[in-house]
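Here is the structure we will look at.
For clarity, every value in this text was computed on a predicted model and none was experimentally measured. The chains referred to below are lettered A, B, ... by the order of the sequence lines, with proteins before strands, and numbering in each begins at 1.
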Amino acid sequence: MSSINYSEKIPNNVNLADDRTLQRALEQWQPNFLSWWGDMGPEGSHGYDVYLRTAVSVDAGGWAHFDHVKMPDYRWGIFLTPGQEDRKIHFGEHKGEAAWQEVPGEHRANLRRIIVTQGDTEPASVEQQRHLGLTAPSMYDLRNLFQVNVEEGRHLWAMVYLLHRYFGRDGREEAEALLERRSGDADNPRILGAFNEKTPDWLSFYMFTYFTDRDGKFQLSALAESGFDPLARTTKFMLTEEAHHMFVGESGVSRVIQRTAQVMNELKTDDVSKIRAAGVIDLATIQRYINFHYSVTIDLFGADQSSNAATFYNSGLKGRYEEGKRDDDHQLNGQMYRLLDVQDGKLVEREVPMLNAMNEVLRDDYIKDSVAGVGRWNKVLEKAGIDVRLTVPHKAFNRQIGTFAGVRVAPDGRVISEAEWQANQAKWLPTPEDRAYVASLMGRVMEPGKFANWIAPPAMGINRQPVDFEYVRFN
Amino acid sequence: MNGPVSIEVLKQHLIDPEICIRCNTCEETCPIDAITHDDNNYVVRADVCNGCMACVSPCPTGAIDNWRTVLRAEAYSIDEQFTWDVLPAQGTTADDALRAGQAEGGVGAQAAAEPAGIEVDTVRGSTVPPWSAAKPYVNLYTHKAPLRATVVGNYRLTEAATESDIHHIVLDFGTTPFPVLEGQSLGILPPGTAPDGRAHHARQYSIASPRDGERKGYNNISLTVKRVTQDYQGKRVDGVCSNYLCDLKKGDTVEVIGPFGNTFLMPNHADSHLLMICTGTGSAPMRAMTEYRRRRRLKGATGKLMLFFGARTQEELPYFGPLLNLPKDFIDTNFAFSRTPGQPKRYVQDVMRERAADVAQLLRDDSTYIYVCGLKGMEDGVLQALQAIADQHGLAWETLWPKLKRDGRLHLETY
Ligand SMILES: Cc1cc2nc3c(=O)[nH]c(=O)nc-3n(C[C@H](O)[C@H](O)[C@H](O)COP(=O)(O)OP(=O)(O)OC[C@H]3O[C@@H](n4cnc5c(N)ncnc54)[C@H](O)[C@@H]3O)c2cc1C
Ligand code: SF4
Ligand code: SF4
């Protein structure tokens, strides 16, 4: 029935079979991965047949192959977009030189650090989401969760391949360590803060896939420009999969809003207690979730000024988003960038050399992209005739990293006192009561075509299947 | 009566702005750069998209899979699409035109009867290949990673004195694989940039040589390229890619993507018949198929070849000489010239009607496969001729047509 090639242990387009040592090394890593998946992958799901998209090759016909597959049998493969002959490094001080096919000695440590940091986020999100299957609002959503999970697993594979293939012994050790850290573990946590937060409920999951996986899109896009060709090709292919994750988030939140709007119109009310009594999530709570996830995620881009980021750019390791489509000199010497700062209790702009502001440049591109999507959510409200509009908070709001760490800023961008912050925090960020209320809505809905009361059905099914398709078969 | 249905309907490919998450996957995937975006929307260029569907399954949202029937002249421009918040409803213009066709019993009848009214162009022909076709490779080379081919020949096919400048161009791939089947096409990336500063989009050309090479046993293919010097309205413009190709010299290199096409393919079983109808450069795939059959002419093979070939004059017909040299018992060739001085205009559909009895004979046979290729405008006329011939000979077109389509036996490729 299925035409996936199951005979290949590790499906790949990198001629793994020709490199016996590497193949053996990865075959040794594989059981550890599977045992990590068994322990930390989606809880209680191993026996289900899930309608998954599997990449079987990188061309348009091969990477979106749909079939019912048991998750532990998913083909976690190694796929790189086809190489471009004579590809040149197109930014930084090596601009114009041939892209590297092997790791240059002087950039080894930095490249490894970039790859490990990226790689660490992949299993982390699987761990963060492992209990969500138990409370999925529909079979369709459950399938999407599992799809996100297996692809995060594949992205881990992609990074592990790079570590094994290009970084020798320390690469292998880093690859082991990726399976040893645990999200939220006090002793051995994941590297980045946001990946140690809990994803306790589905609203959080949608927010996470909307905001935090979009961080993934921007980080991967920046790496897809890399002068280290294998990294560029790997991340390029990962981007096509990341798109689905953002879709889950964007459409998920959108469906929550749609359902809330519908109930508000039916009951002709905007009274939070009535809306909650009807079993849907009030818009103020949705706004607080946005505030939280947005601010936590923009911290992921790092400090506003960073000499590391300058080095990464200068040495051709990590470009800007859509570097190839920009028409400056791609070296940025002498160019300036405007950063926000706090002076005398006010936000002010300040110019710094652009090279030192690369994190901020990427963050600003991310912000533009995020805001556009929130605009699309507002269209749902507009269409329903409700005048509330959702917004993202000011970028200085609730930050833990960079200039604004420790500075209290209101969502509208006013620098405020600690007292004002304390007085309003519950208005701006999800409270324990909000979380408890959202948690109270979570219950499993598993009949094909049925959806939990707090969320609207999607506009269409996956891969043009009907919405009531049997996306997951519980055998 | 079978009144002429002179409308040009297009099944326009659109993206639903309400569902699309602007993830760029489709733009990355489209092999011929038909998709572009601004800050607001992702959109498809109607004049570039060929409905290959390569973008459809990778799209994570399904937003990409939207189609509207429009009159070609009224296709939504990309600037219009950039401003959309929601998809327009299926417009009425094309529907009305189709209904008019239906009232006249024209070729639009079937299409207008479709419930959603949006399946027009592709439903006219098969969306599946013949059962015995070999399996094609597609999209091996993309615009991100194109293949460089060397020009090893470039000859003018049409008489020097004529306006119509059609070239036979041979490309060699050296040792790099570029496996093709008769009926497939490839894309050429012309050098330079369009006025908007982006690289030119790829242009498609049918492959004119059989699967074993323009020269048998060599890794080369040929193309039949017409120099475009005026647009469809007759206004003077120099086509970007066709002029570039026609001016290439031996030894030059070109960037190639593809191959494309997985349905317009020939049957491989020896007793299958080919009914081929083409105009101008639409002869390219017919030449490939004919040449394949000629090279493998087997004793006892019963498959027949019948060709209807239109051009303005004999001098403007590519491959005229070589065609005449093919044995009569191998291929039944019929020319239609529309501009021979002193003679009435004759189009392929007129000549088909003259040969109605033989065409009907082929239509009656389940082993017959029909191929139509050339300018978009020929499609209606040819389908009407087929309908008339079938109906006259007691082969209800109404039932024959869907059967041909379903069985992978009616293939249309017009541009
Ligand atoms: C599946 C497929 C197969 C094709 N096979 C062949 C083939 O075998 N041989 C071949 O020569 N062409 C073929 N074409 C057409 C080819 O792809 C180009 O459209 C053609 O060469 C014109 O490209 P250009 O860059 O020169 O013109 P452009 O610069 O793209 O266009 C210039 C102007 O001319 C108009 N125009 C475009 N094409 C034509 C035309 N054919 N006649 C009149 N006006 C036109 C355009 O609308 C535009 O206004 C095929 C097209 C498709 C979709
Ligand atoms: S259908 Fe094919 S040509 Fe059209 S936009 Fe999609 S990928 Fe491009
Ligand atoms: S792939 Fe689909 S969702 Fe993504 S930009 Fe294209 S149409 Fe939109």
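Side chain to side chain, B:Q12 and B:Y76 fail the donor-acceptor criterion of an N or O pair below 3.5 Å. Looking at B:Y42 and B:N24, their side chains do bring a donor and an acceptor atom within 3.5 Å of each other.
Within the 4.5 angstrom heavy-atom criterion, only side-chain atoms of A:E250, from C-beta onward, approach chain B. For A:S251, no part lies under 4.5 angstrom from a heavy atom of chain B. Contacts between A:A459 and chain B at a heavy-atom distance below 4.5 Å involve the side chain alone, from C-beta outward. Residue B:C59: no heavy atom, backbone or side chain, is found under 4.5 Å from chain A. No part of A:R87 comes within reach of chain B, as not one of its non-hydrogen atoms sits under 4.5 angstrom from that chain. Contact of B:T61 with chain A is made through backbone and side chain together, with heavy-atom distances under 4.5 Å.
Counting heavy-atom pairs closer than 4.5 Å to chain A, the top residue among B:R22, B:E28, B:M53 is B:R22. Contact tally against chain B (heavy-atom pairs below 4.5 Å) for A:R376, A:M460, A:H245: the top residue is A:R376.
Within the cation-pi definition used here (under 6.0 Å to the ring centroid, within 45° of the axis), A:R214 qualifies as a partner of A:Y210.
Between B:R148 and A:D86 there is no salt bridge, since none of the side-chain N atoms of the basic residue sits less than 4.0 Å from a carboxylate O of the acidic one. Salt-bridge formation is detected for the pair A:R320/A:E323: a Lys NZ or Arg NE/NH1/NH2 atom is positioned less than 4.0 Å from an Asp or Glu carboxylate oxygen.
By the 30° and 60° cut-offs, the orientation of the rings of B:H411 relative to B:F264 is perpendicular.
Here the side chains of B:D85 and B:P17 are not in contact, with every heavy-atom distance at 4.5 Å or above.
Counting non-hydrogen atoms of neighbouring residues, nucleotides and ligands closer than 6.0 angstrom, the NZ atom of A:K88 exceeds 12 such neighbours. Other residues, nucleotides and ligands place more than 12 heavy atoms under 6.0 Å from the CZ atom of A:F66.
Residues of residues 32-40 of chain B that come within less than 4.5 angstrom of chain A, heavy atom to heavy atom, are B:H37, B:D39 in numerical order.
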